[in-house]
Amino acid sequence: MDFARTVTERTLHLNTRLCVGLDPRAGAYRDPEHLRQHTLDVLEAAAPYAACVKPQLAFYEALGLPGLQILEEVCSAARTLGLPVLLDGKRGDIGSTAAAYAQGWLTGPHAGDALTVNPFLGFQTLRPFLDAAIAHGGAIFVLVKTSNPDQADLQGHGVSEKVAAWISEANSETPAGRYGPVGAVVGATHPGELAKYRELMPRALLLLPGLGAQGAAPQDLRAAFHSGGTGALASASRAVQYADGLDVRASREAAKALRDGLNGAMD
Ligand SMILES: O=C(O)c1cc(=O)[nH]c(=O)n1[C@@H]1O[C@H](COP(=O)(O)O)[C@@H](O)[C@H]1O
């Protein structure tokens, strides 16, 4: 699949800019089977309102081998529902190790269509991820300005801008009006900075985490989108999966409300 194209088509055809995070917390369930079933139920309930889904690997890895089996099942169920899978792993390492991560998460049995990556080790170390993504029609999403308050210890100060410049260059062969294989993570919690990053990376899909539980609101995110309402995915995990305890109908309603809120912001 061409991740950027599939997500953009879903945005236009289904009128949704929502990425649903699937981050099942072990403590909320009786046992792994309960976690598995609830996560699959939330996925199915939220699917009509989602442009893509984003399982955070940490929550599956925390369960050991059964967690990886659940992850495979979640990815496979998402694909059956027509949903592209963006794995949130924030991986990054020296080049040869990065190649192994890329093999595992972009081409292996648990692979997603896209993966979040960390640029801290240098831009060359992102190459194996990008090569694997391009070979499989996928994408990488590079951390530019994360949603957490303490990101400012290292981010901003020209560093995020430098990462944005690399992303823009990496997408430079993408034709105008389309989005390239290198996306950017910019926290939805920084509404005042969205216009800047939108402009710095015209052909990058922006992933905007922080909707809901971290305090970001749909109506503040307009500046991350291009005029046609494309170019960004706003992401919520807890606010959908645990909208009201384990009530799956509440998850469905929360996904619908977030989708509608984002669409309202486009007007
Ligand atoms: O890459 C991410 O998805 C991500 C980047 C970032 O800057 N902030 C951030 O919260 N995330 C992830 O997005 C999800 C946010 O979860 P909620 O706060 O429950 O919506 C978690 O899986 C985080 O790991």
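These values consider heavy atoms only, across backbone and side chains, with no hydrogens, waters or symmetry-generated copies. Both counts, for ligands and for their atoms, begin at 1 and track the order of listing.
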Identify the protein heavy atom lying closest to atom 20 (O) of ligand 1, giving its residue, its atom name and the separation to 0.1 Å. Ser237 N, 2.8 Å

Heavy atom of Gly21 under 4.0 Å from ligand 1? no

Between Tyr29 and His38, what is the ring plane arrangement, given parallel below 30°, perpendicular above 60°, and tilted in between? tilted

Can you list the ligand 1 atoms lying under 4.0 Å from a non-hydrogen atom of Ala236? 20 (O)

Hey, quick one: are Leu211 and Leu14 part of the same hydrophobic cluster, counting side-chain heavy atoms closer than 4.5 Å, chains of contacts allowed? no

Go through it in stages, so that I can follow the logic: the residues are Arg249 and Glu253, the test is salt bridge (Lys or Arg N to Asp or Glu O under 4.0 Å), and I'd like the CA-CA distance, side-chain angles, deciding distance and then a yes or no. CA-CA 6 Å; Arg249 274 170 314 174; Glu253 288 312 309; over 6 Å; no

Closest non-hydrogen protein atom to atom 22 (O) of ligand 1, residue and atom name please, with distance? Asp23 OD2, 2.6 Å

Same cluster for Val240 and Leu86 if Ile/Leu/Val/Met/Phe/Trp/Tyr side chains link at under 4.5 Å? no

Atom 19 (O) of ligand 1 sits nearest the protein heavy atom Arg238 NE, 2.7 Å

Ligand 1 contact on Thr146 by region, counting heavy-atom pairs under 4.0 Å: both

Please list the nearest protein heavy atom to atom 10 (O) of ligand 1 with its residue and the distance rounded to 0.1 Å. Gln214 NE2, 2.9 Å

Going by atom types alone, do Arg91 and Asn118 pair a side-chain donor with an acceptor below 3.5 Å? no

Starting from atom 23 (C) of ligand 1, find the nearest protein heavy-atom neighbour and note its residue, name and distance. Asp88 OD2, 3.9 Å

Has ligand 1 got any nitrogen or oxygen that is less than 3.5 angstrom from a nitrogen or oxygen of Lys54? yes

Would you call the rings of His110 and Trp105 parallel, tilted or perpendicular, taking 30° and 60° as the class edges? tilted

Counting non-hydrogen protein atoms only, what is the nearest one to atom 7 (O) of ligand 1? Give residue, atom name and distance. Ser147 N, 2.8 Å

Ser235 N/O under 3.5 Å from ligand 1 N/O: no

Tyr179: which of Asp2, Thr174, Asn171, Thr230 passes side chain to side chain donor-acceptor pair (under 3.5 Å): Thr230

Counting heavy atoms only, which part of Pro209 comes closer than 4.0 Å to ligand 1: side chain, backbone, both or neither? side chain

Return a yes/no value for Lys90: is any of its N or O atoms, backbone included, closer than 3.5 angstrom to an N or O of ligand 1? yes

Working note: Phe141 + Phe129, criterion ring-ring contact (aromatic ring centres under 6.0 Å, His included); need CA distance, chi angles, decisive distance, verdict. CA-CA 10 Å; Phe141 283 76; Phe129 292 109; over 10 Å; no

Which ligand 1 atoms are under 4.0 Å away from a heavy-atom of Thr116? 1 (O)

Side chain, backbone, both or neither: which part of Gln151 has a heavy atom under 4.0 Å from ligand 1? neither

Does either side chain, that of Gln56 or that of Asp23, offer a donor lying less than 3.5 Å from an acceptor on the other one? no

Within this structure, what is the CD-CG distance for the pair Gln241 and Leu22, rounded to the nearest 0.5 Å? 5.5 Å

Quick note on ligand 1: atoms under 4.0 Å from a heavy atom of Val185 include exactly 5 (C), 7 (O)

In terms of residue, atom name and distance, what is the protein heavy atom nearest to atom 24 (O) of ligand 1? Gln56 NE2, 3.0 Å

Can you confirm whether the side chains of Gln214 and Ser147 place a donor and an acceptor under 3.5 Å from each other? yes

